[in-house]
Number of protein chains: 2
Amino acid sequence: MDVDTEFTTLTALIGEPTRARMLLQLLDGRALTAGELACHANASPQAASGHLGKLVAAELLAVESQGRHRYYRFARPEVADALEALASLVPTKQQPAPTSGSRYARSCYDHLAGHVAVAITQALCQRELLTLTTAKEFTVTNAGTAWFTDLGIDAKMMQQRSRRAFARPCLDWSERRHHLGGALGAAMLTRLVALDWVRRTANSRLVVFTGEGQRQLYQILGVRL
Amino acid sequence: MDVDTEFTTLTALIGEPTRARMLLQLLDGRALTAGELACHANASPQAASGHLGKLVAAELLAVESQGRHRYYRFARPEVADALEALASLVPTKQQPAPTSGSRYARSCYDHLAGHVAVAITQALCQRELLTLTTAKEFTVTNAGTAWFTDLGIDAKMMQQRSRRAFARPCLDWSERRHHLGGALGAAMLTRLVALDWVRRTANSRLVVFTGEGQRQLYQILGVRL
DNA sequence: GCCACATTTAAACCACAGGTGAACTATGGA
DNA sequence: TCCATAGTTCACCTGTGGTTTAAATGTGGC
C-alpha cells in the first residue's frame, strides 16, 4: 500500500467525528470501556463497537478484556502524542474566565468535569479531605469521610461495596488538571443533583449550578463560582 | 462552539483523503499553487479549490496571491507539527531523509528556491548588487547591473521588455526568508542551467549544483555551498 | 483591445460511510 | 437455572459531503 494511501486511511480513521470524540476521551491515558466511550461520544453501543473495531484494526487502539467489559486504550504513546498535537490546533480563544466563575460545568460520563470540577477537587485536596496517594488513586482522609457524610455520601460504605474504581483522578484535557472521577465522583454528582445544587441539561453534558448550589459550595469548600 | 465540536470539525477537515494528500504535499514546507496541489492530490481544480478554501477558513492554511497563481502554505508551524506527528503513525518504513546536502536546491515555479537561493539573495543584497526598495520589489543597483551582465543576463533590457514582475522577493516558507523571484529570478535559474552550474532533475523540482557551479558561486558571490 | 491560463463559484448529482434495529455471544449475580 | 448487563455482528437504510459539470472572475502576455 502506498504511503500516501496509508496516511489518508489513517486520517480518515481519526477524522470521523464519533471516532475523534472517543479518541479525545482517551487522551488522559485511561483505559475506558466500550460503553463509556460510546456514552461520551454520543453514539449507540453498536456504532461505537464498529468504530472501536476499526481503530483497533488500525493499531491505534488496543483492547483488553476484563470480565464482561472491554477496556480500550491507545496502542502506543505516539498515538496520544499525535492527538495532543491535533488538539493543540484548536483555537483556544474561548477558554474565558476560569477564575471569573461560571455557573456552568459539564459532566464527564457520570461525574462533574471542567474547571468547576477541578476547582472543587483542588479545594478538597487543599483542605486535606482528599489526598492523591498514587498517580491513579485518591484517598479519602478521616476528615474527608466526615465531610462526605455531611454532604450525604457514605464514602466508606461505598468503597467497600463498589467494585468500580473508587476515587480516580480524571484528567481533564481542556483544563490540564485532575478532577474527581470514579465511583465517588459519580456519587457526588448524583448527590449534588439530588440536592438541586446543580441541574443537568437535556441532551447535553452541560450542568448548571443553581444559586443555592453556588452558596453551599462556597460555604462548605470556599469555592466561589 | 464546544471544544469537542471544534476538535471534531478539525479532524474531519484533515481526515478527508483529498485534503489529507494536499496537506501531506505541503509537509516539506514549500508553498504550492492550487493547481500543483490539485494535481498531486489527484483532484480536479474545482474540487481542490473547494478543499483549500475550507482549510484556509479553518486557519490551517494561509494563501498568498502571486500573479495568477495562489500559493498555499501552512498557516502556522503547529499545523506542520501535528501533521508530522500524524504521519509518524504510519507503520511503514520511512523514506530516506530529505537532502540537507548543500549541493541540492530546488526550484520554486521557475526560479531557484530553498536555502541556497536565500544565501544567494542575501549575498546579492550584502554586496549592494540588489536592494530591497519596497516590501514587494527588489531594485538592481548599477553595480548589480554590471554583475548580472557578467553573468550573461541583461537586467536592464529585461526590465524594460518584460511585463512580468521584474525582481520580486519570494518568501520561502521553509527558510522564512526571501529569495529572488520574478523575471530576474527566472532568468537567473535559466542562465545557471545554461552554464551547467546547476542541473534540473527529472520529475522533481529539485536542482543540483555541479562542482563547477559551486566553485563559480563562491568566486562571484562568496557563497560557499 | 484580445486570448490563454489559473483559479474560484454555483448548482446538480450520487456514492459511500455511518446510524439503526434485531439478533447473537458471553459474563456475572441471584 | 434464569435473567440482566456488556458487547458484538449483520443487513438495511439514510444523509452528508465530495465530485462533476458549467460558467464566472482575474491576471498575464501579445
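So you know, we letter chains A, B, ... as the sequences are listed, proteins then strands, and number each from 1.
The NZ atom of A/K54 sits 13.5 Å away from the CG atom of A/L61 when rounded to the nearest 0.5 Å. Here B/E64 contributes atom CD and B/Y71 contributes atom OH; the two are 10.0 Å apart, rounded to the nearest 0.5 Å. For the atom pair A/H40 NE2 and A/L32 CG, the distance stands at 6.0 Å (nearest 0.5 Å). For the atom pair CH2 of B/W197 and OG1 of B/T210, the computed distance is 9.0 Å after rounding to the nearest 0.5 Å.
Smallest separation of non-hydrogen atoms from B/L13 and B/A58: CD2-CB, 3.1 Å.
One axis for each end of the helix from C/dG1-D/dC30 to C/dA30-D/dT1, each built from five base pairs, and the angle between them comes to 30° at 10° resolution.
With a 4.5 Å cut-off on side-chain heavy atoms, B/F74 and B/L26 count as touching.
Computed from coordinates, the B/N42 CG to D/dT20 P distance equals 10 Å when rounded to whole Å. Computed from coordinates, the B/I14 CD1 to D/dG18 P distance equals 14 Å when rounded to whole Å.
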task: Start with the C-alpha distance between A/R70 and A/L52, add both sets of side-chain angles, then the distance that settles side chain to side chain contact (heavy atoms under 4.5 Å, CB included), and finish with yes or no.
output: CA-CA 11 Å; A/R70 306 195 74 194; A/L52 289 168; over 6 Å; no
- request: Can you check each nucleotide of nucleotides 5-21 of chain C against protein heavy atoms at under 4.0 Å and return B for base, S for sugar-phosphate only, - for none, in 5' to 3' order?
  value: BSSBB--------SSSB
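Checked against salt bridge (Lys or Arg N to Asp or Glu O under 4.0 Å), B/D196 has the following partners two or more places apart in sequence or in another chain: B/R199.
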